[in-house]
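As structure tokens, the structure follows; a few thoughts come after it.
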4 protein chains.
Amino acid sequence: MKRKDEGKARDILAAALQEVQAHGLTGLSMEGVARRAGVATGTLYVYHKSKEALLDAAYSATKRHLAEAVFRDEGLPVRPAFLRMCVAYLEFLVAHRAEVAFLEQLHHSTLLSPSTRAAAESGARPLVDLLERGKRELLLKDLETPLILAFLQATLREMAKTAPKARFPQIALLCWDALRA
Amino acid sequence: MKRKDEGKARDILAAALQEVQAHGLTGLSMEGVARRAGVATGTLYVYHKSKEALLDAAYSATKRHLAEAVFRDEGLPVRPAFLRMCVAYLEFLVAHRAEVAFLEQLHHSTLLSPSTRAAAESGARPLVDLLERGKRELLLKDLETPLILAFLQATLREMAKTAPKARFPQIALLCWDALRA
Amino acid sequence: MKRKDEGKARDILAAALQEVQAHGLTGLSMEGVARRAGVATGTLYVYHKSKEALLDAAYSATKRHLAEAVFRDEGLPVRPAFLRMCVAYLEFLVAHRAEVAFLEQLHHSTLLSPSTRAAAESGARPLVDLLERGKRELLLKDLETPLILAFLQATLREMAKTAPKARFPQIALLCWDALRA
Amino acid sequence: MKRKDEGKARDILAAALQEVQAHGLTGLSMEGVARRAGVATGTLYVYHKSKEALLDAAYSATKRHLAEAVFRDEGLPVRPAFLRMCVAYLEFLVAHRAEVAFLEQLHHSTLLSPSTRAAAESGARPLVDLLERGKRELLLKDLETPLILAFLQATLREMAKTAPKARFPQIALLCWDALRA
DNA sequence: AATGAATGAGGTTTCATTCAT
DNA sequence: AATGAATGAAACCTCATTCAT
């Protein structure tokens with residue numbers, strides 16, 4: 001049921017995202033989303049069958065957006081691929097604060113359906129594959145993948161808060177050095 | 001005259017924590033908290049002037065609980081102090097999953113007052129002091145403190161998910177090695 | 001699309017008026033108003049953003065009703081205009097007891113916004129103008145206008161309680177004689 | 001049940017009066033009264049069996065206060081007695097605005113018991129008697145007593161708003177002239 | 001498809017009153 | 001007598017969802 005107005009569909013998801021950012025998950029109301037998207041409340045139900053479904057969709061779309069920007073597999077060798085992903089992630093973090101905050105809020109919450117969660121997870125597949133390839137090729141330390149992911153996420157998120165864009169390649173290198181065998 | 005009951009105050013905070021755990025922040029209702037605490041809804045407002053205030057108080061109390069268990073400064077030298085804190089944190093993570101989940105949910109959310117956030121922050125003071133002492137004594141790498149904190153949090157949280165209690169000292173040592181100068 | 005229903009808006013104001021009459025200001029509940037108006041509680045909030053706003057609106061509407069019935073300026077000379085207003089006021093008093101009682105209750109009360117009070121005041125403008133014209137033309141005693149208003153209100157209200165409709169012109173004349181120069 | 005603390009009993013009635021003045025009848029709460037009176041909420045129920053009873057008592061006490069100050073019968077002849085009462089009423093109106101406002105609010109309201117209303121009415125007995133004596137002695141116009149009362153109340157209330165104390169005797173005389181045969 | 005008025009269940013909060021101390 | 005914590009019914013209001021247009 002999605003062949004109505006592609007632009008309006010996008011507006012609605014964007015509005016949901018901005019509303020969560022502005023009022024928090026608990027302060028989110030369908031009326032608020034509708035107002036921000038410039039449509040009537042009823043219209044929301046033309047595109048999504050419930051509030052939960054709308055949030056699910058917004059979460060998925062945002063995750064996909066992030067995955068497309070960051071986790072593309074471009075067929076590079078391990079090291080340059082790793083460095084590119086780190087830089088891309090840092091850039092995404094500073095360029096799309098609202099999206100990042102939204103994902104964070106939704107991530108901890110009882111609202112997402114398990115299937116959405118699983119689908120979202122799969123967006124990072126290319127990075128996971130890359131790390132495992134790196135371990136097989138003995139380029140990376142033999143640590144559990146979730147641990148590496150947590151380390152990267154924590155480090156990059158923290159660095160994105162203060163470091164200037166010019167230093168992003170350096171930071172990526174730093175991460176590489178921390179993890180290489 | 002009837003004095004305010006210390007036990008009841010604790011029950012209410014505990015009930016709030018459990019309700020968030022059970023239904024998520026968005027599914028939290030004052031009636032649910034009251035029922036679980038075994039008091040009337042009105043009683044909640046004797047102890048806290050609003051839902052927000054109740055959550056604030058529960059968050060503060062839980063943070064304090066964590067700080068007391070983990071971040072005590074016992075006057076030890078840097079290395080043993082660091083190792084002790086790591087182990088204590090790991091132990092807290094596995095022994096108080098509900099509390100940890102609750103803190104996580106509240107941490108991202110628009111509900112906490114800035115002052116509560118600030119107060120909560122200060123609980124980790126002893127660890128911050130320790131890290132800075134370590135850097136001054138040239139025992140630790142000269143990294144920004146927030147970065148070290150993020151690293152420790154990510155690593156320990158991840159390890160607590162799978163590692164058995166017996167390996168906690170080893171993990172602490174691993175962290176030390178990762179950070180020592 | 002469903003347009004806001006003019007009839008429903010009227011029903012709600014009428015219901016508020018009747019509820020105040022039945023249970024007093026302190027006994028007024030939104031649920032009672034909704035039930036009497038034959039709408040859902042939520043509907044009240046489609047038309048008025050709060051209980052206070054609803055009462056404000058009901059007060060304004062009733063005052064306007066009274067003003068239209070009584071204080072019309074029909075371009076008559078002072079004496080016949082004065083007599084006509086007196087009779088019209090007396091007729092309103094007996095024909096719309098509920099409205100009158102409602103206005104009285106609201107008049108003394110902290111619920112009305114100052115702007116509503118001011119707007120309501122302006123309804124009697126034509127009478128005020130008439131009285132001042134009468135004083136300028138030396139037809140009426142040179143008393144302060146508020147004093148004349150208080151006198152008229154007290155007298156007419158009191159007379160309306162007992163006098164039969166047939167005597168209204170006589171009463172109006174009596175007032176005129178009491179005030180003429 | 002009133003032999004506890006005469007001062008406290010007075011404080012409670014005074015607090016009720018002030019609270020109505022401050023927040024209106026609808027904004028009146030027992031807790032507010034207790035706080036202002038400097039007692040615990042429970043104490044209110046030692047002196048009055050319900051909120052309604054408390055308001056009844058406060059209304060009665062205030063009416064009695066007014067009656068004692070204004071409607072004393074001092075055995076004077078009609079004219080001086082009338083003039084004295086007018087001046088006393090004017091003085092009460094300016095000296096006890098809070099009391100007057102309180103009485104006004106309660107007068108229109110469903111809260112007073114009929115018996116309280118009747119008792120309060122009887123406070124003005126001496127004035128009613130005086131007026132009837134005046135009519136019998138052919139000193140006053142033969143108007144219905146309630147009409148005279150309404151006229152006096154409206155006029156004096158209006159005059160008290162602006163006239164300086166020095167002019168009170170003049171105003172009293174004005175009223176006398178308006179009503180004398 | 002789009003609208004937005006209408007719904008009514010459910011949420012938060014208030015408050016008169018009771019009761020243990 | 002005095003206290004004030006505790007109660008729980010009801011009040012006000014919000015909001016996801018439906019439905020007539």
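Note that the structure is predicted; figures quoted are calculated from it, not measured. Throughout, a chain's letter reflects where its sequence line sits, starting with A, and its residues are numbered from 1.
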### Nearest-nucleotide 5' precedence on DNA chain E, B:Glu52 against C:Gly42
C:Gly42
### Query
Taking the side chain of C:Tyr47 as its heavy atoms from C-beta onward, which of E:dT17, F:dA6, E:dA5 lies nearest to it?
E:dA5
### Task
Report the distance from atom NZ of C:Lys4 to atom P of F:dC19, rounded to the nearest whole Å.
22 Å
### Query
With a non-hydrogen cut-off below 4.0 angstrom, is A:Leu28 in contact with a base, only sugar-phosphate, or nothing?
sugar-phosphate
### Message
Nearest whole Å is fine: how far is E:dT14 P from C:Met30 CE?
### Response
17 Å
### Task
Using a 3.5 Å limit on both pairing distances, list the dot-bracket string of DNA chain E from the 5' end; Watson-Crick and G-U wobble pairs count, crossing pairs take [ ], interstrand pairs take |.
.||||||||||||||||||||
### Message
So if I take every side-chain heavy atom of C:Asp5 and compare against E:dT13, F:dC13, E:dA6, which nucleotide ends up nearest?
### Response
E:dA6
### Query
Which whole-number value in Å describes the distance from B:Glu19 CD to E:dG11 P?
11 Å
List the atom pairs, donor and acceptor, that lie under 3.5 Å between side-chain atoms in residues 18-28 of chain A and the rest of the protein, sequence neighbours left out.
{"unit_1": "A:Gln18", "atom_1": "OE1", "unit_2": "A:Arg36", "atom_2": "NH1", "d": "3.4"}
{"unit_1": "A:Glu19", "atom_1": "OE1", "unit_2": "A:His23", "atom_2": "ND1", "d": "3.2"}
{"unit_1": "A:Glu19", "atom_1": "OE2", "unit_2": "A:Arg36", "atom_2": "NE", "d": "2.8"}
{"unit_1": "A:Glu19", "atom_1": "OE2", "unit_2": "A:Arg36", "atom_2": "NH2", "d": "3.1"}

### A:Glu31 and A:Arg35: CA distance, side-chain angles, deciding distance, salt bridge (Lys or Arg N to Asp or Glu O under 4.0 Å) verdict
CA-CA 6 Å; A:Glu31 198 195 319; A:Arg35 195 167 34 236; 3.1 Å; yes
### Sub-4.5 Å side-chain heavy-atom contact between A:Leu66 and A:His96
no
#### Entry: Nearest-angstrom distance from the residue atom CG of C:Leu44 to P of E:dA5
15 Å
### Message
Counting only heavy atoms not in C:Glu104 (residues, nucleotides, ligands), do more than 12 fall under 6.0 Å from its CD?
### Response
yes
### Query
Out of F:dA5, F:dT17, E:dT18, which has the shortest distance to the side chain of D:Tyr45?
E:dT18
### Task
Could you state the atom-to-atom distance from NE2 of C:His48 to P of F:dT14 in whole Å?
15 Å
### Query
Would you say the side-chain atoms of B:Arg10 pair up with the backbone N or O of B:Asp5, donor to acceptor, closer than 3.5 Å?
no
### Task
Assign C:Lys49 to base, sugar-phosphate, or nothing according to its heavy-atom contacts below 4.0 angstrom with the strands shown.
nothing
### Message
Of the options F:dG8, E:dA5, E:dG4, whose atoms approach the side-chain atoms of B:Thr41 most closely?
### Response
F:dG8
#### Entry: Distance test, side-chain N/O of D:Lys8 to OP1/OP2 of F:dA1, below 4.0 Å
no
### Message
In whole Å, I'd like the distance from the CG atom of A:Asp11 to the C1' atom of E:dA2.
### Response
14 Å
### Distance in angstrom units between C:Glu31 CD and E:dG10 P, rounded
15 Å
### Query
In terms of side-chain heavy atoms of D:Lys51, which of E:dT13, F:dC13, E:dA16 is nearest?
E:dA16
### Query
For B:Tyr47, is the NZ or CZ atom of B:Lys4 found under 6.0 angstrom from the centre of its six-membered ring and inside 45 degrees of the ring axis?
yes
### Task
Return the value, rounded to whole Å, for the distance between atom CD1 of D:Ile12 and atom C1' of F:dA2.
11 Å
### Query
Which part of the nucleic acid does D:Ser29 contact within heavy-atom distance under 4.0 Å: base, sugar-phosphate only, or nothing?
sugar-phosphate
### Task
Measure from the side chain of A:Thr43, starting at C-beta and using heavy atoms only, and say which of F:dC13, E:dT3, E:dA6 lies closest.
E:dT3
### Query
Want to settle it: does B:Gly38 or A:Gly27 sit nearer the 5' end of DNA chain F, counting the closest nucleotide to each?
B:Gly38
### Query
Can you list every side chain to side chain donor-acceptor pair (under 3.5 Å) pair that touches residues 50-66 of chain A, not counting sequence neighbours?
A:Asp56-A:Ser113, A:Asp56-A:Thr116
### Message
Tell me whether C:Arg97 contacts the main-chain N or O of C:Phe92 through its side chain, where contact means a donor paired with an acceptor under 3.5 Å.
### Response
no
